[in-house]
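Chain letters run A, B, ... following the sequence lines, proteins first and then strands; every chain starts at 1.
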Number of protein chains: 2
Amino acid sequence: MGAEDSRMPPGSAARSGTAGLRADALHNRNRILEVAGDLLAERGLDVPMAAIARHAGVGVATLYRRFPTRQALVREVFADRFAACASAVEDALAAPDPWTAFRTAVEQVCAVQAGDRGFNSAFVSAYFQEFGVGGELDRVMRGLTELTRRAKDAGRLRADFAAEDFTLLVMANSGISVQPSEAAQAASRRLVAYLLDAFRADRAGPADPLPPPAPLDLYDVLRPR
Amino acid sequence: MGAEDSRMPPGSAARSGTAGLRADALHNRNRILEVAGDLLAERGLDVPMAAIARHAGVGVATLYRRFPTRQALVREVFADRFAACASAVEDALAAPDPWTAFRTAVEQVCAVQAGDRGFNSAFVSAYFQEFGVGGELDRVMRGLTELTRRAKDAGRLRADFAAEDFTLLVMANSGISVQPSEAAQAASRRLVAYLLDAFRADRAGPADPLPPPAPLDLYDVLRPR
DNA sequence: GGATAAGTGGAGACCCCCATCCGTTTGCAG
DNA sequence: CTGCAAACGGATGGGGGTCTCCACTTATCC
């Protein structure tokens, strides 16, 4: 409960919990994160903790000491991917053409999602409610909302596009990405292309009217159990 | 192997294994199927066998005696839903307008899928490789292929629509349907509407060219593990 | 170089699920 | 009514996963 560590310069810990670790401990921690990243990508979110420990060449105790819960581990592993999504969106905000910006942002987020089974599950699971990535997720969502506004103002995005449609996109894409493979990634790209095409404003003929935007909120839809 | 049962009139067993059952056994069997249907829909494919037995008011032994494997149970439970998909497609084949036929077939199949978490998983999982529902599935696929041909010939379906795009649709829809709820079903309807819109041939302007159709085969993509 | 606390790995307690075995009950035919 | 095979359900063994405890090792500081 005392002071964190009065000698530690603020901001020196790139990530939580790395401060004051002994050299060997830090090495193991990194090795665990590395291995866990691979295993989660390949096998999904429910890969046994023991398997991660074994592949990392450490005992389970070491794993649990460093990451008390599975969530803590997963959060740490995917923090950078969440950040990657966020900055992809923010990069897009700098692009001149509103539609291109919208399109590339969507494409990039979906590509990240399709490439990693674990991240996909993490992204689309009740987990991320307690992930502490709310900040990143909000950055992504705020960015996408702004991109949406611009694309609509420019007349390139259909007017009845709703914020919930991002959720639609993410979850549909997650269905494609259950088993990440080259084929699945290609399929994801094709799905996204189809949907972006459907989102365009400049289509001929009266499309069949859309069903009402479902009040679809990831936080609601995926509530645990 | 001996004769099945020489006294049984052929075709009298609506489903496999119901012939010659004692009255109480038959009652329990039906109760199990009923309860299993509900539980699978709600909780998904991995609901514990014990839970099914308990809800049905029978012992696990009874459950296992009637359905030796989980697959046998699931197959029996969802046989009618698979059949429903098949006949929805075949009904559509009778419709006069090719596009309407295509559209309603897709909508109905996706609606069935979105309404039942267990069926959704069953539909989109390695399971159905050994389900013995290959017949039904082939009926569905053959029907959809024919509907595709007609819709293309009529100039209503875009020429670069590929057979693999059905898989795309099913898997995307499965992502929406992880947690069946009114909201999820509405979302599914909206997704399908978007995609059908994207599949239409009569769109203005050169859409961005589609990524190549991924060689996406459910049987391949969802291979166990 | 030695004291010390941080770090370690593996054994094992606990829990959940699957699937089978077996003593008891019960529908049904004669 | 009676006998028996069919049916029943709970106990049980086996497997796998999570997480903790503890005796041993090792980096680090003086």
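For B:Phe78 and B:Phe82, the gap between ring centers reaches or exceeds 6.0 Å. Aromatic pair A:Tyr194/A:Phe199: centroids not less than 6.0 angstrom apart.
Close to C:dG7, at under 4.0 Å from its OP1 or OP2, lies no side-chain N or O of A:Thr62. Listed pair A:Arg66 / C:dT8 meets the phosphate criterion, a side-chain N or O lying under 4.0 Å from OP1 or OP2. Put simply, B:Asn28 has no side-chain N or O that comes within less than 4.0 Å of OP1 or OP2 on D:dA7.
Salt-bridge check for B:Arg70 with B:Glu76: failed, with every basic side-chain N at 4.0 Å or more from each acidic carboxylate O. For the pair A:Glu146 and A:Arg142, the salt-bridge criterion is not met [side-chain N within less than 4.0 Å of a carboxylate O].
The CZ-P distance, from A:Arg29 to C:dT8, rounds to 12 Å in whole Å. Atom CG in A:Leu63 sits about 17 Å away from atom P in C:dA11, given to the nearest Å. The separation between B:Arg43 atom CZ and C:dC16 atom P is 13 Å, rounded to whole Å. Taking atom CD1 on B:Ile52 and atom C1' on C:dC17, their separation rounds to 12 Å, with Å as the unit. For the pair A:His27 NE2 and C:dA6 C1', the computed distance is 17 Å after rounding to whole Å. A straight line from CG of B:Leu73 to P of C:dA19 spans 12 Å, rounded to a whole angstrom. The interatomic distance linking A:Ile32 (CD1) with C:dG9 (C1') rounds to 12 Å, in whole Å. As a whole-Å value, the separation of A:Leu26 CG from D:dT28 C1' is 15 Å.
Side chain to side chain, A:Asn173 and A:Ser188 meet the donor-acceptor criterion of an N or O pair below 3.5 Å.
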Which atom pairs, donor and acceptor, lie under 3.5 Å between side-chain atoms of residues 85-94 of chain A and protein residues at least two apart or in another chain?
| unit_1 | atom_1 | unit_2 | atom_2 | d |
| --- | --- | --- | --- | --- |
| A:Ser87 | OG | A:Ala83 | O | 3.0 |
| A:Ser87 | OG | A:Ala84 | O | 3.3 |
| A:Glu90 | OE1 | A:Arg139 | NH2 | 2.7 |
| A:Glu90 | OE2 | A:Arg139 | NE | 3.0 |
| A:Glu90 | OE2 | A:Arg139 | NH2 | 3.4 |

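For A:Arg65, there are no salt bridge (charged side-chain N to carboxylate O under 4.0 Å, His left out) partners at least two apart in sequence or on another chain.
Of the candidate nucleotides C:dG7, D:dG9, C:dC28, C:dC28 has the atom nearest to the side chain of B:Ala23.
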Nucleotide by nucleotide, 5' to 3', does protein get under 4.0 Å of the base (B), only the sugar-phosphate (S), or neither (-) in nucleotides 13-26 of chain D, counting heavy atoms? ----SSBBB----B

